[in-house]
2 protein chains.
Amino acid sequence: MRLLSSLLSSSALLPHNFTSRLRVPVSFQSHYFPRLFSMDSSEASLRNALSQNLSAVEAQGNAVRALKAAGAAKPEIDAAIEALNALKIEKASIEKQLQAAVSGGGGDGSLNRESFRQTVSNTLERRLFYIPSFKIYRGVAGLYDYGPPGCAVKSNVLAFWRQHFVLEENMLEVDCPCVTPEVVLKASGHVDKFTDLMVKDEKTGTCYRADHLLKDFCNEKLQKDLSISSEKAAELKHILAVLDDLSADQLGAKIKEYGITAPDTKNPLSDPYPFNLMFQTSIGPSGLLPGYMRPETAQGIFVNFKDLYYYNGNKLPFAAAQIGQAFRNEISPRQGLLRVREFTLAEIEHFVDPEDKAHPKFADVANLEFLMFPREEQMSGKSARKIPLGEAVSKGTVNNETLGYFIGRVYLFLTRLGIDKDRLRFRQHLANEMAHYAADCWDAEIECSYGWIECVGIADRSAYDLHAHTEKSGVPLVAHEKFAEPREVEKLVIAPVKKELGLAFKGSQKNVVEALEAMKEKEALEMKAALESNGEVEFYVCTLGKNVSIKKSMVAISKEKKKEHQRVFTPSVIEPSFGIGRIIYCLFEHSYYMRPSKAGDEQLNVFRFPPLVAPIKCTVFPLVQNQQYEQVAKVISKSLTFSGISHKIDITGTSIGKRYARTDELGVPFAITVDSASSVTIRERDSKDQIRVSVEEAATVVKDVTDGLRTWEDVWSTFPHHASASAED
Amino acid sequence: MRLLSSLLSSSALLPHNFTSRLRVPVSFQSHYFPRLFSMDSSEASLRNALSQNLSAVEAQGNAVRALKAAGAAKPEIDAAIEALNALKIEKASIEKQLQAAVSGGGGDGSLNRESFRQTVSNTLERRLFYIPSFKIYRGVAGLYDYGPPGCAVKSNVLAFWRQHFVLEENMLEVDCPCVTPEVVLKASGHVDKFTDLMVKDEKTGTCYRADHLLKDFCNEKLQKDLSISSEKAAELKHILAVLDDLSADQLGAKIKEYGITAPDTKNPLSDPYPFNLMFQTSIGPSGLLPGYMRPETAQGIFVNFKDLYYYNGNKLPFAAAQIGQAFRNEISPRQGLLRVREFTLAEIEHFVDPEDKAHPKFADVANLEFLMFPREEQMSGKSARKIPLGEAVSKGTVNNETLGYFIGRVYLFLTRLGIDKDRLRFRQHLANEMAHYAADCWDAEIECSYGWIECVGIADRSAYDLHAHTEKSGVPLVAHEKFAEPREVEKLVIAPVKKELGLAFKGSQKNVVEALEAMKEKEALEMKAALESNGEVEFYVCTLGKNVSIKKSMVAISKEKKKEHQRVFTPSVIEPSFGIGRIIYCLFEHSYYMRPSKAGDEQLNVFRFPPLVAPIKCTVFPLVQNQQYEQVAKVISKSLTFSGISHKIDITGTSIGKRYARTDELGVPFAITVDSASSVTIRERDSKDQIRVSVEEAATVVKDVTDGLRTWEDVWSTFPHHASASAED
């Protein structure tokens with residue numbers, strides 16, 4: 001998310017979701033952030049070496065020319081040329097090292113990442129995991145369809161989300177519309193602040209994100225122009241690091257300074273100006289009720305807080321949850337499935353007493369240990385490291401138990417889906433990334449070919465959202481804590497004597513009364529003391545713009561003891577918010593691998609989806625085309641359907657090896673091959689191991705392993721193994 | 001859906017979903033349609049009787065006054081008065097009968113329906129099954145949230161839909177965005193035709209649906225004004241029957257004729273004009289790419305036909321399916337959850353060879369027998385009647401087996417959800433309701449307090465949609481049938497001899513060549529014959545606007561035999577389309593009943609949801625507040641969670657009877673009550689029967705009955721019964 005003005009002052013204004021959650025331009029910048037302070041030393045020294053080498057090459061070149069001009073002896077000239085060539089070889093070598101260093105460490109830099117991505121995307125698009133939407137009409141940037149296997153993966157991920165969060169935690173799930181009237185998003189701050197800075201090609205009118213252009217310029221310069229000095233490189237890296245914090249003016253100035261033009265036409269660009277990212281529409285036929293497609297699902301929960309609190313028996317804590325579409329009218333969407341104009345969010349709003357953020361089930365996750373990247377580590381240029389969650393909470397790295405509990409649950413959720421735990425880290429927001437009201441915020445970031453991608457944000461948003469809607473709607477969104485025993489409290493009572501004030505101030509009486517009643521405790525007690533000693537006091541009435549004289553008879557100020565039966569307060573909100581499409585894309589990359597075919601003549605694609613998310617759990621193949629085998633296949637198919645196991649029969653005459661390869665590429669974990677009328681084989685995708693089971697047992701075995709009631713290892717040790725030459729071609 | 005011009009001519013233009021599917025103003029009009037031809041005889045005779053009676057009352061009143069004026073004898077006057085009173089009593093009686101007749105038959109007319117609806121809605125809103133969206137901001141008409149139990153019912157319905165249709169039929173499910181560029185909806189016809197006719201209050205600008213105002217006027221007149229003649233009543237009923245077919249001009253004329261004014265202000269109304277029902281927006285920042293929120297999910301499937309066909313191995317038939325949000329910017333939404341501005345659709349597009357609409361699994365549903373309401377029965381004023389599905393297809397009442405198969409599957413789907421089969425009928429569209437291209441169309445209508453509501457439309461849409469997108473996009477959306485043997489076909493070959501034509505016609509040669517090549521077979525064969533006999537023929541070239549003389553040397557015309565290897569054709573689409581919100585609302589009404597509390601002092605609400613759709617499957621209650629019982633409750637809760645059974649623990653000290661009542665009102669089918677450390681009771685909601693099972697077995701028993709592996713009757717006959725006074729208070 002683009003911040004609006006300069007660095008720290010702006011973040012104090014940012015409403016919900018305005019920190020980077022799911023909005024940070026997916027890049028390496030947060031990754032690079034430490035380099036703002038400690039530029040990678042090898043890169044810097046290489047740049048220095050290159051710069052020295054270039055000077056040396058130039059000097060030696062001049063020397064050779066001078067020798068030639070002076071008609072020096074051949075051996076002398078040859079020696080000088082040899083020295084020049086050696087310098088040039090050194091130059092090539094430094095350039096190669098530097099190239100490797102800037103493209104991401106070792107030799108497997110961004111080029112390899114891109115080619116890996118291309119391979120995965122080709123497979124995904126060819127097998128219809130996803131499809132650019134409206135393709136026959138040349139598509140629309142930032143809109144994608146999930147085709148059959150992608151759609152199945154998505155609905156499996158959502159079903160597991162519901163099981164893991166809603167069901168296990170007894171959350172209150174709601175389902176609110178996408179169409180949202182302006183007043184709601186005015187209260188939340190989105191109407192005013194949900195913007196990105198945009199520049200226009202001054203001749204064609206084509207729009208670009210200002211920060212993207214600046215980012216591209218810096219990255220290109222850093223990666224392709226090896227001749228820039230290490231100072232210049234540090235400057236460009238600094239810009240990348242603070243890109244999110246640049247104001248429109250600052251961005252505009254940099255674009256001018258670097259002479260950045262429109263990428264396609266090289267035309268000059270306009271100054272940057274804010275563009276609201278919500279899709280606007282109009283509700284009803286009158287044109288008088290503006291509305292937007294919601295940019296997040298959370299607001300639907302906040303506006304229902306009162307009813308949900310009642311539904312929960314007026315008890316805290318409780319969590320509400322919502323799965324649904326959200327919309328962001330990106331200026332120029334890039335990065336495929338990661339930055340799209342419509343996406344599925346799954347959000348949880350856990351409401352809790354701000355004075356008690358303990359969590360009764362925290363012990364269940366306290367022993368988990370995974371990569372965490374606390375603020376301090378980022379600032380001091382260190383890397384993410386494994387920290388036991390219990391320690392992170394007890395040491396105060398993570399603000400409170402409830403936040404910690406959700407971090408742990410998110411870790412379990414993602415890894416059970418099949419996200420590689422070594423490419424998953426929880427990164428704490430830096431001070432300038434967080435809104436002023438937020439108590440703490442951690443992003444679950446997953447590493448893929450685009451870098452570390454923010455996929456889940458887990459934020460303690462304090463009471464901000466409920467406050468904002470209370471204020472705008474006039475409906476108090478608060479909780480009550482009934483005291484076991486009434487508590488005695490001292491309260492200040494200011495009682496203006498209206499008769500006396502009326503006589504003294506006539507038409508201004510109302511202003512004086514209001515000013516008296518509005519006094520803070522300290523001021524009132526001072527007035528009380530002054531009145532008691534002097535009988536009269538000067539009092540500034542702001543709405544009159546002058547002092548008036550208040551006499552003892554005009555106001556009674558006292559402290560009274562009152563009994564209170566309850567505490568009324570605005571709950572804090574702890575919000576885990578999941579970008580489902582991003583998680584799925586990362587899952588695709590983490591699940592993908594290639595292995596040689598049996599003949600070794602080609603590389604085959606495999607997705608190692610766990611059964612939980614696999615789009616189809618099982619295939620059923622008759623080994624050869626044969627009525628009897630097909631009949632058996634149909635019987636097994638029927639029992640699989642009865643057990644609710646999604647599957648596919650393939651009765652084409654294709655070789656069994658080809659049929660296995662075809663389903664490996666869809667990530668189908670099990671294949672039942674019918675090669676007799678009484679028993680069949682079940683093959684596991686990744687090990688390619690096969691067991692032999694009776695026709696009657698086949699569906700049950702697959703169901704048990706799919707549902708996680710048995711492991712494949714368990715099944716493998718129970719049933720006879722099958723090793724047939726016909727199994728793979 | 002409002003038709004656009006007059007009756008039959010318009011429907012020939014109507015694109016997808018433009019017949020009434022999910023769009024017919026929910027009313028009794030189709031129900032009343034037969035009365036257009038045969039007005040209910042008792043009502044007509046009552047109106048006649050009332051009119052005669054009124055004349056008689058008037059005459060007798062005059063007679064009494066005349067006698068009095070003439071100073072007649074008291075006995076004579078008394079007798080006349082007695083006769084007048086008798087007539088008045090008769091009048092009251094006729095009015096009462098007529099009132100009953102017009103308000104829907106017996107004494108349980110629309111008033112009872114409305115009070116029933118009020119009772120159900122109160123319960124639904126109080127228990128947060130649904131909530132008017134953005135309530136704290138005074139809401140937005142036509143937008144509703146599902147609260148926790150409603151949301152759970154919805155996700156159960158969708159999960160079952162996926163199981164029953166997608167999984168069992170191996171459909172290809174896709175997931176496309178809601179934001180849709182204009183070009184797609186231009187091709188489908190929505191941009192031009194997806195409109196309702198609107199009138200505006202000429203002073204305040206408030207908008208109304210023109211047909212709603214006319215409908216309300218007619219209904220009000222018919223139900224409240226008993227003095228109208230039977231001719232007038234017939235006229236009003238005729239209008240109600242043809243309301244959907246009235247043009248803007250016709251509607252405007254009727255509104256003028258009846259002097260209908262704005263309901264709130266009584267101000268005059270504008271003429272009716274079309275208002276497009278799509279929410280419009282703009283994609284991207286340029287403002288140059290208009291878009292809409294999709295009004296249905298079907299288009300996302302049609303535009304992907306080519307890829308899906310390929311995914312299915314280039315084989316027909318196959319079905320694609322999609323669940324998702326759809327949007328219709330209603331002019332003035334009414335009728336609660338039934339007509340909303342945003343709703344969930346579940347749509348299936350089954351693609352089939354137009355020459356073979358047989359279905360291999362039709363036998364599975366052929367023996368089903370349920371209420372069907374064919375076109376003929378509607379036209380002749382009969383009622384829906386039970387017809388075996390096999391018979392309906394074999395007699396041609398239902399156009400083809402595939403359409404019939406889906407009708408059967410929809411019947412099974414709805415009744416398994418808990419829809420009362422006696423309040424479910426399949427109504428065939430009348431000729432004027434169907435688009436010209438549609439082969440046949442049936443609506444699953446469910447009767448609720450609003451009348452018979454169209455909840456699922458099942459239409460054979462022929463090749464319309466694929467044709468429309470082929471034409472607009474230029475991408476052929478077609479299927480291929482490879483012939484087992486190549487087939488020999490005779491083809492006409494027209495070969496203009498360009499050299500000769502060039503010499504003769506110079507610059508006009510191209511026009512002549514094109515005209516020759518464009519000849520239809522008959523014309524070409526006539527030319528061939530003429531050239532063979534005369535050597536020359538006069539030929540009109542349209543683009544030249546004149547005749548030219550064609551010689552035998554200028555063109556060779558022949559018929560040649562060619563071998564064709566495949567047939568290329570556009571598949572037909574059979575489309576079952578489900579309005580999920582409407583189904584759920586009807587389910588709420590069908591599941592609701594009241595029963596007295598044990599003390600008999602109050603009526604308790606119950607929803608008899610089957611376990612499949614119940615929002616929570618089970619509650620766990622410790623009988624009394626007691627640590628040991630609470631511990632047992634937690635153990636059972638854990639195993640329920642492990643089994644994926646949604647449940648709720650209630651450890652409040654409330655009486656067990658109250659706790660049962662509270663969950664009956666949410667439709668929870670089973671309650672486990674902990675009254676010992678070793679065994680517990682399980683109570684079934686509707687029978688209130690209780691069995692006793694061990695703590696270890698409790699979760700399994702509930703899971704088995706919930707998953708449909710055992711019935712309650714089975715469980716009831718297996719376990720000891722429990723009858724405790726404490727069970728109900």
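The chains referred to below are lettered A, B, ... by the order of the sequence lines, with proteins before strands, and numbering in each begins at 1. The basis for the numbers below is simple: all heavy atoms, side chains too, and nothing from hydrogens, waters or symmetry mates.
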* Asked: Would B/Glu169 and B/Lys361 count as a salt bridge (charged side-chain N to carboxylate O under 4.0 Å, His left out) if you check the C-alpha gap in whole Å, the side-chain angles of each, and the deciding distance to 0.1 Å?
  -> CA-CA 10 Å; B/Glu169 310 282 348; B/Lys361 285 158 79 181; 3.3 Å; yes
* **Chi angles and distances behind the side-chain contact (heavy atoms from CB on, under 4.5 Å) call for B/Phe302, B/Asn304** => CA-CA 5 Å; B/Phe302 297 137; B/Asn304 279 320; over 6 Å; no
* To do: Verify side-chain contact (heavy atoms from CB on, under 4.5 Å) between B/Thr619 and B/Arg662, making sure each step is shown before the conclusion.
  => CA-CA 10 Å; B/Thr619 42; B/Arg662 223 144 57 182; over 6 Å; no
* Verdict with reasoning, A/Ile580 to A/Phe343, per side-chain contact (heavy atoms from CB on, under 4.5 Å) -> CA-CA 8 Å; A/Ile580 297 298; A/Phe343 47 94; over 6 Å; no
* **Worked verdict on B/Ile584 versus B/Leu337 for side-chain contact (heavy atoms from CB on, under 4.5 Å)** => CA-CA 9 Å; B/Ile584 290 174; B/Leu337 291 183; 5.9 Å; no
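Listed options B/Gly284, B/Ser646, B/Gly313 were ranked by heavy-atom pairs under 4.5 angstrom with chain A; first place goes to B/Gly284. The greatest number of non-hydrogen atom pairs below 4.5 Å with chain A, out of B/Ile323, B/Leu288, B/Leu172, B/Leu289, is found for B/Leu172. Interface remark: of the candidates A/Lys638, A/Lys648, A/Met293, A/Arg138, A/Met293 forms the most heavy-atom pairs closer than 4.5 Å to chain B. Taking B/Ser155, B/Ala321, B/Ala152 one by one and counting their heavy-atom pairs under 4.5 Å with chain A, the maximum is reached by B/Ser155. Ranked by heavy-atom pairs under 4.5 Å with chain B, the list A/Thr641, A/Leu640, A/Ile616, A/Val174 is led by A/Val174. Of the residues considered (B/Glu168, B/Arg341, B/Met198, B/Gln325), B/Arg341 shows the highest number of contacts with chain A, using heavy-atom pairs under 4.5 Å. Across A/Cys207, A/Cys176, A/Pro177, the residue that shares the most heavy-atom pairs under 4.5 angstrom with chain B is A/Pro177. Here A/Arg162 is the residue among A/Arg162, A/Arg127, A/His647 with the most heavy-atom pairs under 4.5 Å with chain B. The greatest number of non-hydrogen atom pairs below 4.5 Å with chain B, out of A/Thr652, A/Thr281, A/Thr344, A/Val475, is found for A/Thr281. Here B/Phe327 is the residue among B/Phe327, B/Tyr292, B/Tyr310 with the most heavy-atom pairs under 4.5 Å with chain A. Your options are A/Gly300, A/Cys178, A/Pro285, A/Ser637, and the one with the most heavy-atom pairs under 4.5 Å with chain B is A/Pro285.
Only the backbone of B/Ser282 comes within less than 4.5 Å of a heavy atom in chain A; its side chain stays farther off. For B/Val179, the parts sitting under 4.5 Å from any heavy atom of chain A are the backbone and the side chain alike. If you measure heavy-atom distances from B/Asn170 to chain A, the contacts under 4.5 Å come from the side chain alone. In this structure, the portion of B/Lys154 lying under 4.5 Å from any heavy atom of chain A is its side chain and not its backbone. Contact annotation for B/Glu173: both backbone and side-chain heavy atoms come within less than 4.5 Å of a heavy atom of chain A. B/Pro333 does not touch chain A: none of its heavy atoms, backbone or side chain, sits under 4.5 Å away. Of the two parts of B/Thr180, the backbone and the side chain both hold a non-hydrogen atom closer than 4.5 Å to a non-hydrogen atom of chain A. Looking at B/Leu666, the atoms closer than 4.5 Å to chain A (heavy atoms on both sides) all sit in the side chain, from C-beta outward. Using a 4.5 Å cut-off between heavy atoms, B/Leu477 touches chain A through its side chain atoms alone. Only the side chain of B/Phe275 comes within contact range of chain A, with at least one heavy atom under 4.5 Å from a heavy atom of that chain. Using a 4.5 Å cut-off between heavy atoms, B/Ile131 contacts chain A through its side chain alone, with no backbone atom that close. Contact annotation for A/Leu167: only side-chain heavy atoms (C-beta onward) come within less than 4.5 Å of a heavy atom of chain B. With a 4.5 Å cut-off on non-hydrogen atoms, B/Ile331 touches chain A through its backbone and its side chain both. Neither the backbone nor the side chain of B/Met171 has a heavy atom closer than 4.5 Å to any heavy atom of chain A.
Side-chain N or O atoms of B/Tyr309 include one that pairs as donor or acceptor with a backbone N or O of B/Asn314 at under 3.5 Å. A donor-acceptor contact shorter than 3.5 Å links the side chain of A/Ser133 to the backbone of A/Tyr144.
The aromatic rings of B/Phe305 and B/Phe318 sit parallel to each other, their planes meeting at less than 30°, with 60° as the upper class boundary.
The closest side-chain heavy-atom distance from B/Phe129 to B/Pro148 is not below 4.5 Å. Side-chain contact between B/Ile301 and B/Leu308 is present, with heavy atoms from C-beta onward closer than 4.5 Å.
Expressed to the nearest 0.5 Å, how far OG of A/Ser639 lies from NZ of A/Lys634 amounts to 14.0 Å.
Ion pair A/Lys135/A/Asp145 not flagged as a salt bridge, since none of the NZ, NE, NH1 or NH2 atoms sits closer than 4.0 Å to an Asp/Glu carboxylate oxygen.
The local environment of OH in A/Tyr273 is crowded, with over 12 non-hydrogen atoms from other residues, nucleotides or ligands closer than 6.0 Å.
Centroid-to-centroid, the aromatic rings of A/Tyr146 and A/Tyr130 stay 6.0 Å apart or farther.
Under the side-chain hydrogen bond (donor to acceptor under 3.5 Å, both in side chains) test applied with A/Gln299, the options A/Gln322, A/Arg294, A/His469 reduce to a single match, A/His469.
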